[in-house]
Amino acid sequence: MTTPDPLELPTQYEPAATEPAIYQGWLDAAAFTARPDRTPALGGDRPPFTIVIPPPNVTAILHTGHGLNNTVQDVIVRWRRMAGDEALWVPGTDHAGIATQNVVEKIVAAEGRTRFDIGREAFVARVHAFVEETGGVILDQLRAIGSSCDWTRTAYTLTPELSRAVREAFVLLYERGLVYRGHRVIHWCPRCLTSLSDEEAEHHDETGKLYHIAYPVSDDPSRAITVATTRPETMLGDVAVAVHPEDERYRDLVGRTVRLPIAEIDIPVIADAYTDPAFGTGAVKITPAHDPNDFEVGLRHALAMPVVITPTGEMAEVADAAGRVPAALRGLDRFEARRRIEAMLREQGRLVKVETHAHAVRHCYRCDTVVEPRLSDQWFVRMAPLAAPALEAVRSGRVRIMPERWVAVYHNWMENIRDWNISRQLWWGHRIPVWYCAACPPPDDVIVSRDDVAACPRCGGAVRQDEDVLDTWFSSWLWPISTLGWPDREARDLKAFYPTDHLVTAPEILFFWVARMIMAGYAFMDDAPFHTVYLHGTVRDTQHRKMSKSLGNGIDPLDVVRLYGADALRWTLVSGLGMGADLILDPDDLEKSFAPGRNFATKLWNIARFLLGNVGDAPVTPVDALRPESLTRADRWILARLDAAIGEVDVALGPARPWADAVDRSTATWPESQRAAGLRLNEYAEVARRFVWDELAAWYLESVKARLAQPGEDREVARAVLVHAFDAALRLLHPIVPFITEGLWQRLPGRLEGEQLVTAAWPRPLSPVVERQGEHVVLKPAGMTMNVSVGDPVVSVAEFDLAREAVEAIRRVRADYAIPPGREVAALLVPANAAARRVLDEERPVIGRLARASLALADRPPTDAAAHVLLADGSEVAVPLAGVIDLDKECARLRGELSQLDRQLAALTQRLGNEGFTSRAPAAVVEAERRKHDEWTARRGQLAGKVEALCGA
RNA sequence: GGGCGAAUAGCUCAGUUGGUCAGAGCGCCUGUCUUACACACAGGAUGUCGGGGGUUCGAGUCCCUCUUCGCCCACCA
């Protein structure tokens, strides 16, 4: 960046014009590049803090979900970087097997061809080229929203390094007996032409039909067994009818055969406890090749397993099905066949009835096609042994999941985990590292290898590699270890940054990804890959629908960046993000959603304009070098408010890791009390906003104007405090709104050449005193107490609050009586006691300026017509209203105030008279209520006197 | 079918263990270009905290129930 002229800021802040240069400044300074040698594992002293990005699909375009996910990660990473950690955020992309292949297949389809026309090698080359050309766009888009990723470590699941990790993982699991080849019914997508894992076949509730079909008994056509099915086309693959062994209705038929309609073959009636006698007719048709349950039954009874549906979902005699599919049905799509079969059964009188039936149907998570269960050979990972340590990790608190309600979901899934089908009949992905020898007899024909195999190691004969590729999640689950260098256990990044710290993602992929990463962490590194899982909500529209391209209800984050700035986008996402809650945004009203962030940035901009114009560029004294007695009440007030803000932000963000520096990382777990602590990003944003807007800008900055105009020591004090407060505010806000804070911070007086906020220190309270409790003040976050001393910040806070109250009182009078803003009023300040007198007297310049009033101190209120406002400590503000007063109106107002006070007092009196309250409530609460009662009673007396004097009885 | 979450001002949402908790931002109303800011300033109004029951001296806050919405999981044909 060019060095800005610190005294010249344009009147208008234009984020779109300035953000890219600021980002480039960070890159030029290598501010995001983490250094392993600075971590303890490699001899350094900075705690590592690592986040690995949930890798977006390599062809993805940034949407609001990404925006939210990456903003949250960036806030956390920037916070830790400023807090002194060696912060590493690993970026990268996922090759996204099915998704990417589908995209390119669509392009090829537009040319009138299929991938089979092109051939495997050429098609894969084409996908590579497509990724090369259009991929990774999202990484640039992440830069546009300010993501502080370490781009020198950008990863991609198909690089040679990560592919090596994939092979290593596969082979290791195979060697441990945890990878095996299985022959069973799996979920098959007839459009993608691949198998799917259980997680990839999503349930959708649908209203279908339940067909009741009569299968006549072969040797007694007068009898029939009626079975029910939702997929009548599968009946061509039926090999039996199962009834419950105890079911009296069918007992005599077991062992005999029934005639399968349409196929016109005889199939046995078998007894199997899988059948529920109470459901439907109590008889189930058994189609082992096209239903997972039936497959199990088929195994138990050693039944044939004819396949009657092709991979593309058409009816055919595919395997062991000779004579089963009539010519009229061959080649028909499965749903067309269903209609045809329904008609045929009706003609034959075999269709007993058809009822509507609500049930869940599995769909392909990528293309939404109805999944077809299908008998097939696939590779599986045995999950139960892997799940055990992953389950224990969450139980023990080695890994915490936030919000905590997901813990139960995690447990439930892990405890009922099923084996993972990892082979996909796709071309785009990691080829399964298995070769088959044509000559050697099973099981010696299977060769699993880390390196490519050219010839059979046993017989030297020809081999062919498994045609399939691995599930894309098989590379994703290695992400936290593979991006850091695994399987090289000595890799510097792995030693320095593993285990990582936070994992930030949406709950949708808890099972797809998060749970499996924890399993992989234990399987390959003997430790959890992270200690905190933060599952944030989903971005939805005002009808609570997920934002999506197909619904057209999305918000393009880059539109927001262009119109409002990246900071505004981030502000909205962060300030609206309750723990685990969804974020509702209106795609039709960007102004409503994003103006607050833009306005806040403008606020910061204008504070800076004032500051730079009035403070000048001469260096300022550090606040801790100022003589304490030179601080004004306002100075002490704003510094105390700043300390409070810092303390509250630290609480909202919470502990960064479960181990203290002294604790052994390898065994540390989250204590119960901290498993839900922190990451309240919305609270963090609100605290920071309140400090800047409601305290720094609204009060301190206004109070300091006169002092800045008068040369002298007090001006230097005011400069020092103002600069310090604003500097700290910018630090506090930087993780949320990095661009504007960086841009302004660099212009503050006293900056060294090359200094950047992104790597500046996180603010610490000057004094840990933030809260008063009775005789003590509480030190946060340590929780210690100390005695209050004269002139301490807490007292100053209360004193300055009196001045603020006086200002507000006069302003209220002005508004009530419609006194023109330009007209200065005279006001009488009537202090309740000597302390109040001192404060009000000394703060007269500030009060007078902010209330636009000329002030006098008096011992008693004026007797002539004047508006009176009581302050909390019993002091009073009286504004003479000669010429403008409406006596009736003022009396009405005072009476209203009086009756309200009476109501409150009555309630309070009743409560204090309640023995249940006085005896059971905490003593401190009762004591506070008593004090309040005394105060209110005194106030009531004063008020009543006022009313009598002014308005008569 | 099982489990979970949400319901608080017109809108989007905060409200930690029951006792100043009835709040914020936006919007709305009334003024104002007050020498950083009209993307602002000053003042103001607005809620039987989804319905009903219960526990308690006291309940947005705990329990039960109902209603509505959302999410996750699920091999009943």
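First the proteins, then the strands, lettered A, B, ... as listed; each starts at 1.
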Expressed in whole Å, how much space separates the [atom1] atoms belonging to [N] and [M]?
N	M	atom1	result
B:G10	B:C73	C1'	38 Å
B:G43	B:U34	C1'	15 Å
B:U30	B:A45	C1'	11 Å
B:G60	B:G47	P	16 Å
B:C64	B:U12	P	29 Å
B:A9	B:U48	C1'	14 Å
B:G23	B:C49	P	14 Å
B:G54	B:G15	C1'	24 Å

Q. Going by distance alone, is a donor N or O of one side chain under 3.5 Å from an acceptor N or O of the other, for A:Asp276 and A:His244?
A.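 On atom types as modelled, these side chains do not qualify, holding no pair under 3.5 Å.
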Q. Will you find, in the side chains of A:Ser575 and A:Asn682, an N or O donor that is under 3.5 Å from an N or O acceptor?
A.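 No.
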Report which part of the nucleic acid [X] touches: base, sugar-phosphate, or nothing (heavy-atom distance under 4.0 Å, all strands).
X	value
A:Ile607	base
A:Lys285	nothing
A:Arg231	nothing
A:Glu202	nothing
A:Trp571	nothing
A:Asp205	base
A:His290	nothing
A:Glu296	nothing
A:Arg598	base

Q: Please work out whether the ring planes of A:Tyr365 and A:Phe512 are parallel, tilted or perpendicular, with thresholds of 30° and 60°.
A: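 Parallel.
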Q. A:Phe279 vs A:His357 aromatic rings, parallel, tilted or perpendicular, using cut-offs 30° and 60°?
A.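 Perpendicular: the ring planes of A:Phe279 and A:His357 meet at over 60°.
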Name the pairing partner of [N], where a pair is Watson-Crick or G-U wobble with both distances under 3.5 Å, or state none.
N	result
B:C26	B:G10
B:A74	none
B:U56	none
B:G47	none
B:A40	B:U32
B:C69	B:G5

Q. Would you call A:Glu508-A:Lys546 a salt bridge at under 4.0 Å N-O?
A.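 Looking at A:Lys546 together with A:Glu508, the answer is yes, because their closest N to O distance falls below 4.0 Å.
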(Q) Is the terminal nitrogen or CZ of A:Lys353 (NZ for Lys, CZ for Arg) located under 6.0 angstrom from the six-membered ring centre of A:Tyr211 and within 45° of that ring's axis? (A)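 No; the conditions do not both hold, so A:Lys353 does not lie above the ring face of A:Tyr211.
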(Q) Looking at A:Gln710, I'd like to know if its CD atom is crowded, meaning that more than 12 non-hydrogen atoms belonging to other residues, nucleotides or ligands lie closer than 6.0 Å. (A)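 No, CD of A:Gln710 has 12 or fewer neighbouring heavy atoms, counting only those of other groups under 6.0 Å.
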(Q) What is the first contacted nucleotide of RNA chain B and what is the last, in 5' to 3' order, if contact means an atom lying under 4.0 angstrom from a heavy atom of chain A? (A)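 Reading along RNA chain B, I get B:C4 to B:A77.
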Q.
By the definition side chain to side chain contact (heavy atoms under 4.5 Å, CB included), identify the one residue from A:His187, A:Arg184, A:Arg231 that meets it with A:Pro373.
A.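 The residue from A:His187, A:Arg184, A:Arg231 that satisfies side chain to side chain contact (heavy atoms under 4.5 Å, CB included) with A:Pro373 turns out to be A:Arg231.
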Q) Can B:G27 be described as syn, meaning its chi torsion is within 90° of 0, or is it anti? A)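 You should classify B:G27 as anti.
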